[in-house]
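Atoms within a ligand are numbered from 1 in the order they appear, just like the ligands themselves. Everything numeric in this text was worked out from a predicted model, so none of it was measured.
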Amino acid sequence: MKLTTKLLAATAMVSASAVSAVELEVTHWWTSGGEAAAVAKFAEAWDATGNTWVDGAIAGSGGTARPIIISRILGGDPMGATQLNHGRQAEELIEAGLLLDLTDVAEAQGWKDIVNPSSLLDACTLDGRIYCAPVNIHSWQWIWLSHDAFEKAGVDVPANWDEFAAAAPKLEEADLVPLAMGQQGWQQNGAFGVMTVAIAGLDAWRKVVVDKDADAARGPEYAAVFEAAVDAREMAANSNVQDWNQATNMVITGQAGGQIMGDWAQGEFQVAGQVAGEDYTCLPGLGVNEILDTGGDAFYFPVQDDPEIEAAQKEFAAMLLSPEVQVSFNLAKGSLPVRGDVDLSAANDCMQKGLEILAAGGIMPSGDMNLSADTQTQIEDLMAEFWSSDMSAADAQERYASIIETAD
Ligand code: GAL
């Protein structure tokens with residue numbers, strides 16, 4: 001081979017490998033201590049493939065991040081990959097043809113066989129095509145209790161919501177906040193959903209959230225939930241924090257008795273070095289019924305007219321479901337893996353409890369899977385108003401029922 005030919009071949013090889021290393025901007029709203037520790041696992045795994053993770057963290061909650069993410073995609077400034085909650089949030093983007101079809105990756109990796117429960121994959125599927133890679137199961141159905149706070153108040157750590165409510169005056173006497181609650185509609189609505197399942201029961205919840213039955217929303221079971229929400233509002237009257245992780249911090253530091261929050265809270269206890277069962281207790285279903293909703297996070301990939309980026313997006317999607325990444329990410333995040341065939345023996349007590357409930361089939365769908373983004377926003381706005389005013393249980397219930405009446 002002549003020297004020039006050799007050189008040309010070498011240059012071609014160098015540029016081929018340089019070109020195949022793609023910088024992928026990844027947007028997400030994982031900015032608390034626990035969340036940042038978890039998303040770092042994805043970044044490390046991606047960088048280890050020779051590609052580059054360009055971090056696109058958006059501070060605040062999903063409610064802040066989602067409109068930014070969606071307007072970038074609609075406005076022609078797409079990121080390489082983005083977190084959203086799997087469910088109905090991406091529906092319109094998919095219909096507009098703006099999100100990459102991942103069906104070939106899903107088939108190659110056998111997602112239909114490994115993803116458990118299958119509803120996670122259904123939530124990524126439209127007209128038989130798969131548009132997202134689910135990465136975890138996150139459930140709202142938990143309350144997190146501070147051992148320190150209950151010890152200071154001289155009462156046993158409650159085993160259920162009624163005991164918690166009964167202990168609230170003692171916590172107040174000890175100058176503690178019974179219930180930590182961030183002042184944001186999505187947190188208040190999440191807690192309301194958990195209280196609904198515990199107090200009104202799953203059947204009533206299904207009638208309202210799945211069937212959009214406004215009569216059920218006006219009925220006695222829901223009236224009891226709104227009454228309990230008034231009590232919870234009183235318990236949280238001195239909880240002057242905004243972000244969910246600030247509220248979790250009140251539990252971690254023993255300033256508050258408990259917080260109703262999804263199991264991403266677990267990441268915060270972990271970063272703070274707290275041990276489940278010793279420093280804090282987690283009760284699924286408010287200690288009333290052992291159930292998990294199967295919401296969670298998924299990654300979507302905006303369509304880009306560049307075969308190299310598209311190949312990298314598919315490589316990224318496959319990486320997210322690889323057994324190693326499923327284990328490292330979910331252990332840090334406090335969420336459950338989307339595949340049942342990975343070894344989570346290193347999980348803490350609360351995650352083990354979650355895994356047991358999942359294995360026993362104690363699952364329900366999430367609100368995100370059933371209500372449109374528009375309906376969710378209307379409900380969250382109502383909750384924000386309810387929690388920051390003295391709106392009566394009856395007024396809140398009627399306003400809630402009229403949202404359900406026109407919900408889609
Ligand atoms: C949820 C998301 C979780 C968690 C939480 C708080 O929407 O599914 O992963 O991060 O927001 O930021």
Does W29 have R66 sitting over its ring (NZ/CZ under 6.0 Å from centre, angle to axis within 45°)?
yes
Taking atom CD of Q259 and atom CE of M250, what is their separation to the nearest 0.5 Å?
9.0 Å
Please determine if [X] and [Y] form a salt bridge, counting it only when a charged side-chain N lies under 4.0 Å from a carboxylate O.
{"X": "K212", "Y": "E405", "value": "no"}
{"X": "R206", "Y": "D211", "value": "no"}
{"X": "R129", "Y": "D127", "value": "no"}

Is any N or O atom of [X], backbone or side chain, closer than 3.5 Å to an N or O atom of ligand 1?
{"X": "W264", "value": "no"}
{"X": "R66", "value": "no"}
{"X": "N136", "value": "no"}
{"X": "Q83", "value": "no"}

Relative to the heavy atoms of [X], which atoms of ligand 1 are at a distance of less than 4.0 Å?
{"X": "D297", "result": "2 (C), 3 (C), 8 (O), 9 (O)"}
{"X": "H138", "result": "3 (C), 9 (O)"}
{"X": "K333", "result": "3 (C), 4 (C), 9 (O), 10 (O)"}

Which residue owns the protein heavy atom closest to atom 11 (O) of ligand 1, what's the atom, and how far is it?
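Here the nearest protein heavy atom works out to W29 NE1, 3.2 Å.
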Nearest non-hydrogen protein atom to atom 6 (C) of ligand 1, with distance, is E35 OE2, 3.2 Å
Neighbour count above 12 (heavy atom, 6.0 Å) for D408 CG:
yes
Applying ring pair (Phe, Tyr, Trp, His ring centres under 6.0 Å) to W140 and W264, what does each step give before you reach the verdict?
CA-CA 9 Å; W140 259 106; W264 45 88; 5.2 Å; yes
Mind checking whether N85 contacts ligand 1 via backbone (N, CA, C, O), side chain (CB onward), both or neither, at a 4.0 Å heavy-atom cut-off?
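Side chain only.
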